[in-house]
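Sequence positions, counted from 1, serve as the residue numbers for this chain. Scope of the values below: all heavy atoms of this structure, side chains included, with no hydrogens, waters or symmetry mates.
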Amino acid sequence: MRFELQYTDPNSDARTGLIKTDHGCVKTPIFMPVGTCGCVKAVHFSELREQVNAQIILGNTYHLYLRPGLDILRKAGGLHGFNGWERPILTDSGGFQVFSLTGIRKLREEGCEFRSHIDGSKHFFTPENVMDTERVIGADIMMAFDECPPGQSDYAYAKKSLALTERWLDRCIKRFNETEALYGYSQSLFPIVQGCTYKDLRQEAAKYVADKGADGNAIGGLAVGEPTEVMYEMIEVVNEILPKDKPRYLMGVGTPSNILEAIERGVDMFDCVMPTRNGRNAMLFTYDGTMNLRNKKWENDFTPIDANGCDVDRVYTKAYLHHLFKAGEFLAMQIASIHNLAFYLRLVTDARRHIEQGDFVQWKKSVVDQLGKRV
C-alpha cells in the first residue's frame with residue numbers, strides 16, 4: 001500500500017491524498033461503509049458502487065471468524081472472492097467486539113478468551129491468531145489487535161491497558177512480518193493509538209505507533225461517551241505526532257459534524273455504522289439537518305428526498321418513504337441506507353474539493369452547525 005499526499009488546506013490541518021492498493025485507489029478524506037459480516041446491511045454492492053460511490057468497505061474479523069468461518073473464506077479465496085467486492089477492503093481486528101462482550105470474556109497477557117454471541121462456544125484471540133485470521137480474510141488493510149478500554153476508565157487502568165496494547169502490537173507486527181498474504185496481492189497492517197482521554201497516554205501511544213513505520217495508523221477508543229470537544233482535543237494531540245506522510249484512520253466516528261471537525265484536524269479515513277443503523281430507523285442525514293421520516297409532517301410532502309442527492313433521492317419522495325416506513329416495508333430501510341451512505345460519501349467528496357480549492361475552513365463553518373439540526 002502506498003499513500004500520496006496531494007493537497008493541504010492553508011488554514012487548517014485538512015489534507016487530501018490517494019491510497020493505492022492492489023484492489024484500486026482510494027481518494028482521501030474517505031468514509032468507509034461498514035460491512036460487518038461481509039455485506040453492508042440492506043445495500044447491494046451495485047448500489048454501493050453506482051449510487052453511494054463507495055471506494056472501500058469494512059469487514060469485521062470477529063463476526064467473519066465466527067460465521068462463515070475461516071475454512072470457507074480460505075476456500076473462497078478470501079473475502080473478496082467470497083462476496084464479490086472487487087474494490088479495497090479493510091478489516092478491524094475484532095478487538096472492540098470482543099471487549100464489548102462484558103461478562104463472557106476473560107482478558108490476560110496471552111490474549112482474550114470469549115464466548116460466541118451466536119452459540120456460546122468458547123474461543124481465544126491472541127495477537128498472533130488474529131493476524132492469521134486477517135490473512136485468511138484477505139483485506140487490503142488489516143488492523144492490529146488491541147484492548148479497547150471503557151471510555152471512562154480511570155488513569156491507572158488506562159495506563160495498564162495501553163501497556164498491554166503496545167505489547168500486543170509488537171506481537172502483531174512480528175507475526176505479520178513472519179507470514180505472507182495468501183491470495184496474490186499485498187496487505188498492510190495499521191497499529192491503533194489508544195490511551196482514553198489522557199493527554200500523556202495518547203502522546204505516548206502516538207509516539208510508540210509512529211516509531212513502527214507502518215503503512216498507516218489508526219486512532220481508536222474515541223466517540224465512546226466522552227464530550228466531543230475532548231475527542232477533538234485527543235485527535236489534535238495524536239495528529240501532532242503521527243507521521244504526516246501516512247494515512248490517519250479515526251475508528252468508529254461518527255456524525256457528519258464529527259467527520260468535518262476531524263478532517264480539519266488532519267484525519268483521512270472514517271467508518272461508522274450510523275448511516276445504515278440510523279437509516280434503518282428512519283433517520284436521514286442531509287445538509288439541511290436530520291429528518292425523521294416516520295414523523296407525520298412528511299405525509300404530504302411530495303418533494304424528492306434530496307434533489308441534489310443520488311438516484312434514489314431524486315426518484316422517491318419524502319411522502320413515499322414516510323409511507324414505506326409506516327407500512328414496515330423493507331424497501332424503506334434500503335432507500336434510507338443508500339441515501340445516508342451516499343450523503344456521507346458526498347460530504348467527504350465535497351470536503352476534498354474545498355481542501356483543493358483552499359477554502360475548506362470557510363465552507364466547513366458554513367455547513368457544520370446546520371448538519372446536526374432536526375428538520
Side-chain angles (χ1 to χ4, degrees), residues 1 19 21-24 26 30 32-41 43 45 48 54-101 111-112 114 116-118 121 123-146 148 168-169 171-192 214-218 220 247 249 251-252 269 271-273 276:
M1 195 206 82
I19 298 172
T21 78
D22 290 345
H23 281 100
V26 178
I30 190 64
M32 304 177 287
V34 177
T36 301
C37 296
C39 69
V40 178
K41 289 189 189 305
V43 183
F45 280 166
L48 280 177
Q55 299 175 48
I56 177 174
I57 63 172
L58 266 68
N60 182 268
T61 295
Y62 166 83
H63 288 279
L64 292 168
Y65 161 81
L66 291 176
R67 188 170 53 193
L70 300 186
D71 288 344
I72 290 175
L73 287 168
R74 187 187 292 271
K75 290 174 184 175
L79 187 56
H80 285 96
F82 188 54
N83 69 6
W85 179 255
E86 73 280 8
R87 296 179 182 180
I89 296 176
L90 180 150
T91 44
D92 62 19
S93 66
F96 180 80
Q97 285 70 31
V98 168
F99 296 112
S100 298
L101 299 171
C112 187
F114 63 95
S116 164
H117 72 286
I118 299 170
S121 56
H123 304 268
F124 194 68
F125 272 3
T126 68
E128 291 79 12
N129 67 28
V130 166
M131 293 298 95
D132 295 344
T133 297
E134 292 192 77
R135 287 291 199 192
V136 172
I137 296 171
D140 301 85
I141 299 173
M142 301 164 42
M143 304 306 299
F145 189 54
D146 61 334
C148 303
W168 281 1
L169 173 59
R171 290 167 56 188
C172 284
I173 293 173
K174 183 174 185 294
R175 186 63 161 214
F176 179 81
N177 290 335
E178 291 171 346
T179 58
E180 295 182 354
L182 300 176
Y183 309 115
Y185 54 85
S186 63
Q187 294 177 280
S188 293
L189 175 64
F190 282 23
I192 303 172
D215 289 341
N217 302 294
Y249 165 31
M251 305 179 75
M269 304 167 69
D271 80 287
C272 188
V273 298
T276 47

- Applying side chain to side chain contact (heavy atoms under 4.5 Å, CB included), run through Ile118 and Arg67 and close with a yes or a no. CA-CA 9 Å; Ile118 299 170; Arg67 188 170 53 193; 3.7 Å; yes
If we only count heavy atoms from C-beta on, is the [X] to [Y] side-chain gap below 4.5 Å?
X: Tyr65; Y: Val130; result: no
X: Asn60; Y: Asp92; result: yes
X: Arg74; Y: Tyr183; result: yes
X: Thr276; Y: Val34; result: no
X: Phe125; Y: Ser93; result: no

- Start with the C-alpha distance between His123 and Ser116, add both sets of side-chain angles, then the distance that settles side chain to side chain contact (heavy atoms under 4.5 Å, CB included), and finish with yes or no. CA-CA 7 Å; His123 304 268; Ser116 164; 4.0 Å; yes
- Message: Just checking Glu178: does its CD atom have more than 12 heavy atoms from other residues, nucleotides or ligands closer to it than 6.0 angstrom?
- Response: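 Atom CD in Glu178 is crowded, with more than 12 foreign heavy atoms closer than 6.0 Å.
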Roughly how far, to the nearest 0.5 Å, is the [atom2] atom of [Y] from the [atom1] atom of [X]?
X: Glu134; Y: Met143; atom1: CD; atom2: CE; answer: 8.0 Å
X: Ser186; Y: Glu180; atom1: OG; atom2: CD; answer: 12.0 Å
X: Leu58; Y: Met269; atom1: CG; atom2: CE; answer: 8.0 Å
X: Gln55; Y: Arg87; atom1: CD; atom2: CZ; answer: 7.5 Å
X: Thr126; Y: Trp168; atom1: OG1; atom2: CH2; answer: 9.0 Å
X: Arg175; Y: Asn129; atom1: CZ; atom2: CG; answer: 8.0 Å

Could you pull out the closest heavy-atom pair between [X] and [Y], with the gap in Å?
X: Met131; Y: Ala144; value: CE-CA, 4.1 Å
X: Cys172; Y: Phe145; value: SG-N, 3.4 Å
X: Leu189; Y: Pro191; value: O-CD, 3.7 Å
X: Pro247; Y: Met1; value: CG-CE, 3.9 Å
X: Ile192; Y: Gly220; value: CG2-N, 3.6 Å
X: Ile57; Y: Trp85; value: CG1-NE1, 3.7 Å

- Positive for side-chain contact (heavy atoms from CB on, under 4.5 Å) with Leu73, one of Val136, Leu182, Thr133: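 With Leu73 as partner, Val136, Leu182, Thr133 yield a single side-chain contact (heavy atoms from CB on, under 4.5 Å), made by Val136.
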- Item | Name of the residue among Asp140, Ile141, Asp22 meeting side-chain contact (heavy atoms from CB on, under 4.5 Å) with Pro88 |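 That would be Asp140; it is the only one of Asp140, Ile141, Asp22 passing the side-chain contact (heavy atoms from CB on, under 4.5 Å) with Pro88.
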- Does any N or O in the side chain of Thr91 come within less than 3.5 Å of the main-chain N or O of Met142, such that one atom is a donor and the other an acceptor? no
- Task: Step by step, work out the side chain to side chain contact (heavy atoms under 4.5 Å, CB included) result for Ile56 and His23.
- Result: CA-CA 9 Å; Ile56 177 174; His23 281 100; over 6 Å; no
- Task: Output, in order, the C-alpha distance, side-chain angles, deciding distance and verdict of side chain to side chain contact (heavy atoms under 4.5 Å, CB included) for Asp146 and Leu169.
- Result: CA-CA 7 Å; Asp146 61 334; Leu169 173 59; over 6 Å; no
- Message: Under a plain distance cut-off of 3.5 Å, with no hydrogens placed, do Tyr249 and Asp271 share a side-chain donor-acceptor pair?
- Response: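 Side-chain D/A pair, Asp271 to Tyr249: present.
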- Task: Report yes if the distance between the aromatic ring centroids of Tyr62 and His117 is under 6.0 Å, otherwise no.
- Result: yes
- Cation-pi geometry met for Arg135 and Phe176 (6.0 Å, 45°): yes
